[in-house]
Amino acid sequence: MKRFRMKQPFYIIIILALGSACGIFAAVYHIVQLARTPSVNTPRLILLVLMILLALFLLILCAGVLIYPYYTVKNGKLYSSMGVLHTSYSVSEISELTYFKAQGKLVMYLTNDKFLVIMLSESKHEAFVKALREINPLIVYDNKINEND
């Protein structure tokens with residue numbers, strides 16, 4: 001099993017940090033409102049509990065993606081994990097990896113005409129390709145300056 005940490009763009013980190021902060025603020029605010037609400041006001045209590053749950057969901061979602069997003073290569077699959085969000089791709093369906101140097105993007109092409117932008121630092125590309133090629137040696141790796149190259 002090989003694990004590769006995702007490289008998040010700075011603006012995504014800022015957005016996720018703001019989402020986490022909003023989740024914390026909203027949860028605390030609604031907990032305080034819940035403590036101040038009399039128990040006879042049932043509809044308001046239900047609404048506040050739902051708002052707290054929604055705020056906690058936002059916090060968990062944003063913080064999970066922010067704290068430790070990674071790719072894992074194991075059991076013939078490439079797994080992408082970002083907090084509670086998980087996806088997997090069969091390595092045998094990967095046909096090509098292309099690094100577009102001008103944009104700084106590594107793109108993974110699948111045999112079903114789909115593609116995925118892989119968020120890794122350039123220093124990790126070689127180890128990532130090697131881990132995938134151990135399972136599927138037919139994967140082509142290409143470097144291009146731009147899309148027209």
Side-chain angles (χ1 to χ4, degrees), residues 1-35 44 46-149:
M1 176 176 80
K2 305 232 171 98
R3 187 174 280 191
F4 303 91
R5 181 159 169 75
M6 287 184 194
K7 179 184 176 190
Q8 302 279 5
F10 183 71
Y11 66 92
I12 296 292
I13 293 171
I14 295 297
I15 290 169
L16 292 171
L18 287 173
S20 297
C22 287
I24 292 170
F25 175 78
V28 170
Y29 175 79
H30 288 100
I31 289 170
V32 169
Q33 292 299 314
L34 183 65
R44 181 164 168 77
I46 292 171
L47 180 64
L48 287 172
V49 168
L50 289 174
M51 293 303 293
I52 292 167
L53 291 175
L54 185 61
L56 291 175
F57 176 74
L58 175 66
L59 173 63
I60 290 168
L61 185 66
C62 290
V65 174
L66 182 65
I67 292 173
Y68 194 68
Y70 60 91
Y71 297 105
T72 306
V73 179
K74 69 177 180 179
N75 301 329
K77 291 193 177 244
L78 171 64
Y79 296 94
S80 169
S81 300
M82 294 186 288
V84 296
L85 306 173
H86 300 278
T87 58
S88 67
Y89 306 92
S90 176
V91 175
S92 63
E93 292 180 1
I94 300 171
S95 61
E96 181 180 356
L97 290 162
T98 303
Y99 178 62
F100 295 99
K101 193 170 189 132
Q103 292 83 17
K105 293 182 180 175
L106 179 65
V107 180
M108 179 177 75
Y109 294 96
L110 303 170
T111 55
N112 57 2
D113 293 330
K114 292 184 179 180
F115 69 93
L116 177 72
V117 176
I118 303 293
M119 299 183 296
L120 284 177
S121 62
E122 189 175 354
S123 63
K124 304 243 192 282
H125 289 186
E126 187 176 322
F128 183 73
V129 172
K130 183 179 177 184
L132 293 174
R133 280 186 172 165
E134 286 176 3
I135 299 168
N136 181 2
L138 300 176
I139 295 174
V140 176
Y141 179 65
D142 192 14
N143 283 311
K144 293 186 178 185
I145 294 171
N146 56 38
E147 288 96 8
N148 300 325
D149 186 20

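Around CZ of Phe57, the count of heavy atoms belonging to other residues, nucleotides or ligands within 6.0 Å does not exceed 12. Other residues, nucleotides and ligands contribute at most 12 non-hydrogen atoms within 6.0 Å of the CG atom of Asp113.
Applying the salt bridge (Lys or Arg N to Asp or Glu O under 4.0 Å) criterion to Glu134, with sequence neighbours excluded, gives Lys2. Residues satisfying the side chain to side chain contact (heavy atoms under 4.5 Å, CB included) criterion with Val140, sequence neighbours excluded, are Glu96. Annotation: ring pair (Phe, Tyr, Trp, His ring centres under 6.0 Å) contacts of His125 (sequence neighbours excluded): Tyr99. Under the side chain to side chain contact (heavy atoms under 4.5 Å, CB included) criterion, Pro9 pairs with Tyr11, Ile12, Met119, sequence neighbours left out. Glu93 is linked by a side chain to side chain donor-acceptor pair (under 3.5 Å) to nothing, counting only residues two or more places apart in sequence or in another chain. Here Thr111 pairs with nothing under the side chain to side chain donor-acceptor pair (under 3.5 Å) rule; sequence neighbours left out. Looking at residues two or more places apart in sequence or on another chain, you find no ring pair (Phe, Tyr, Trp, His ring centres under 6.0 Å) involving Tyr141. Under the ring pair (Phe, Tyr, Trp, His ring centres under 6.0 Å) criterion, Tyr109 pairs with no residue at all, not counting sequence neighbours. Take Leu138 and apply the side chain to side chain contact (heavy atoms under 4.5 Å, CB included) test, not counting sequence neighbours, and it matches Asn136.
The heavy-atom pair separating Phe4 from Ala127 by the smallest distance is CZ-O, 3.6 Å. For the pair Ile139 and Arg133, the tightest heavy-atom approach, listed with the atom from each and the gap, is O-NE, 3.0 Å.
Note that OH of Tyr71 is 12.0 Å distant from CZ of Arg5, once rounded to the nearest 0.5 Å. Going from atom CG of Leu116 over to atom CG of Leu106 covers 9.0 Å, rounded to the nearest 0.5 Å. For the atom pair His30 NE2 and Leu53 CG, the distance stands at 11.5 Å (nearest 0.5 Å). Here the NZ atom belonging to Lys77 is positioned 13.5 Å from the OG1 atom belonging to Thr72, to the nearest 0.5 angstrom. Put simply, CG on Leu34 and CD1 on Ile52 are 5.0 Å apart, with the number rounded to the nearest 0.5 Å. The structure places CG of Asn75 at 9.5 Å from CE of Met1, a figure rounded to the nearest 0.5 Å.
Within the structure, the ring pair (Phe, Tyr, Trp, His ring centres under 6.0 Å) test picks out no pair touching residues 74-97 (sequence neighbours left out). For the salt bridge (charged side-chain N to carboxylate O under 4.0 Å, His left out) condition, no pair includes a residue of residues 121-131, sequence neighbours left out.
Under the 4.5 Å side-chain criterion, counting only non-hydrogen atoms from C-beta, Asn143 is not in contact with Lys101.
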Show me the donor-acceptor pairs, under 3.5 Å and distance only, between side chains in residues 14-29 and residues at least two apart or in other chains.
from  : atom 1 : to    : atom 2 : distance (Å)
Ser20 : OG     : Leu16 : O      : 3.0
Ser20 : OG     : Ala63 : N      : 3.3

Practice item. Apply the test side-chain contact (heavy atoms from CB on, under 4.5 Å) to residues Phe128 and Leu78: give CA-CA distance (whole Å), side-chain angles for both, the deciding distance (0.1 Å), then the verdict. Key: CA-CA 10 Å; Phe128 183 73; Leu78 171 64; 3.8 Å; yes

Point to revise | Stepwise side-chain contact (heavy atoms from CB on, under 4.5 Å) check, Gln8 with Leu66 | key: CA-CA 8 Å; Gln8 302 279 5; Leu66 182 65; over 6 Å; no

